[in-house]
Protein chains: 2
Amino acid sequence: MVKAIAVRNLHGQVIQELGRQIVGGELRPGELLPREELLAERMIVSRTALREAMKVLSAKGLIEARQRTGTRVREKKYWNQLDADVLAWRCASMPTNDFVDKLVEMRETIEPAAAAAAARRRDDTQLAALEAAYRAMEAAEELDAWAEADLAFHEAVLNATNNELMASLFSVIETALGTYFLLSARTAANFKYSLPHHFAVYEAIRRRQPEAARRAMLRMVDDSRTNIRRRRRTKKAS
Amino acid sequence: MVKAIAVRNLHGQVIQELGRQIVGGELRPGELLPREELLAERMIVSRTALREAMKVLSAKGLIEARQRTGTRVREKKYWNQLDADVLAWRCASMPTNDFVDKLVEMRETIEPAAAAAAARRRDDTQLAALEAAYRAMEAAEELDAWAEADLAFHEAVLNATNNELMASLFSVIETALGTYFLLSARTAANFKYSLPHHFAVYEAIRRRQPEAARRAMLRMVDDSRTNIRRRRRTKKAS
DNA sequence: TAAATCTATTAGTATTACAATTGAGCAGGT
DNA sequence: ACCTGCTCAATTGTAATACTAATAGATTTA
């Protein structure tokens, strides 16, 4: 479901390894992990490499090191839940359905608001980008091209927001969901199903009508969610 | 405006130093920073400590290191905008008003949605926490106590959401805004001004009325924003 | 009993050495 | 003149080692 970020470095691997274990629940919050020397030995890396990894995990809020006491896994409430890696590890570990629901809920909250903001503040360049994305969706002949254009469309909306925070949040969520929400609902036969929804969003943003944009985006997201749910049931049945 | 996270460690200081410089624009994207040996020497730390800091900055998406080439500052689009530190550095560097507006915009989209979700999914324990926070606000005699209770109230709402992502996002934003949005609008005289708003939110959540909760929270946030704006004008005038 | 102190353990920092990667230039062939 | 591939050197990546600093817990002392 999730793209594993390619890791060439050694400490990168260590980060992944430990991060996965912590987020996945093998290492439970409060648990004390072996002292650096031992752990390094076990993972067959130098203490240097291990420590570089630990610093990163610590920055993500997953662990906390104190002299003499050792390093322990922090409570979940301190984790940087919005960190791309943490999110990815959760996706990789969790019995996904309820977590996906949470991600979708975030998306449902963000995107309509973003559409409204875009309608308010977009400049002509950003509108042009949006239009280009829409035309690409319209012209798409096959699923791949359509998915790519769809993604570009949503990015363009977020971009027109002129609020990097919104854009960033969406991109994190979207990465976590992978191609899930883009592709899941549509079969090869009807993948252009939501084109009218996209047009409505585009039009509202073009005309600078925030409320219309919000409603249009809401309809789109809603629709996508019901499709995902339907798909989920189908899968379960099969 | 922002709480500087207390840093005891050396690499912690280095992280702050470099992070601030990058986010603050002293080191521009694309710029190549000195090789580790030199940089370490300049900052009067060992290469070890420097590298531990670099790994963290790299995890935040601020820099990218490649062998032979060196380490360079990444484009803004790759930064983890939602990282607490990155946010804090931005707050510390930016001519704040427009950035604060962006944060407020995030808050305005999140909180009403959160209130609605809370009304849908809260359990009795969470409701009790919410009630406790409300009573504390009601009972508050002075500004400090009120601010604390207010914060607890919002946390309780987010918590009742049962969606850690929402909770996390809010907590990040709230930290970035510091006590700004909690305190800025109210003078010592009328700090209990928004109590009715809070009651409305509480009631709607208690009665499991999502839409009512959303609207109530929206009114509250809207109101808070106008107060902030008013305050801003006043400040400018003075 | 409580307060001060010592001690052993663990993370933090520094230093040094070497390995791995790779851009750039050079050599050789066509 | 142009491509190909090789070598070289610069920079990050990894390791090993030694020492420093903080502190939980035992020990001593008032």
### Summary
The answer to which of B:Gly70 and A:Ala49 contacts DNA chain D further toward the 5' end, by nearest nucleotide, is B:Gly70

#### Entry: Atom-pair distance (CG on B:Leu10; C1' on C:dA14), nearest Å
10 Å

### Message
If I take atom CD1 from residue B:Ile44 and atom CD from residue B:Gln13, how far apart are they, to the nearest 0.5 angstrom?
### Response
11.0 Å

### Side chain of B:Arg35 (C-beta onward), nearest among D:dT12, C:dT10, D:dG13
D:dT12

### Task
Please check if atom CD in B:Glu37 has more than 12 non-hydrogen atoms from other residues, nucleotides or ligands closer than 6.0 Å.
no

### Query
Rounded to whole angstrom units, what separation is found between the CG atom of A:Leu50 and the P atom of D:dT14?
12 Å

#### Entry: Atom-pair distance (CD on A:Glu64; P on C:dG12), nearest Å
10 Å

### Query
Going by atom types alone, do B:Arg90 and B:Gln81 pair a side-chain donor with an acceptor below 3.5 Å?
yes

### Task
Give the rounded distance in Å between these two atoms: CD of A:Glu52 and P of D:dT14.
7 Å

### Query
What's the spacing between A:Met106 CE and A:Leu82 CG if we round to 0.5 Å?
6.0 Å

### Query
How many angstroms lie between CG in B:Leu50 and CG in B:Leu57, if you round to the nearest 0.5 Å?
9.0 Å

### Interatomic distance where CZ belongs to A:Arg68 and P belongs to C:dA8 [whole Å]
11 Å

Would you list the protein and nucleotides 15-19 of chain C atom pairs, both N or O, that sit under 3.5 Å from each other?
{"unit_1": "C:dT15", "atom_1": "O4", "unit_2": "B:Thr48", "atom_2": "OG1", "d": "3.2"}

### Query
Please give, in whole Å, the distance from D:dA15 P to A:Ile44 CD1?
10 Å

### Query
Do A:Trp89 and A:Gln16 meet the criterion of a side-chain donor-acceptor pair at a distance under 3.5 Å?
yes

### Task
Round to a whole Å and report the spacing from CE of A:Met54 to P of C:dT10.
13 Å

## Note on the structure
Whole-Å distance, B:Arg51 CZ to D:dT12 C1', equals 6 Å

### Task
Report, as yes or no, whether the 6.0 Å neighbourhood of atom CD on A:Glu148 holds more than 12 heavy atoms from other residues, nucleotides or ligands.
no

#### Entry: Nearest-neighbour nucleotide for the B:His11 side chain, D:dT14, C:dG23, C:dG12 considered
C:dG12

### Message
So, does B:Thr69 get its side chain near the phosphate of D:dT12, meaning an N or O under 4.0 Å from OP1 or OP2?
### Response
no

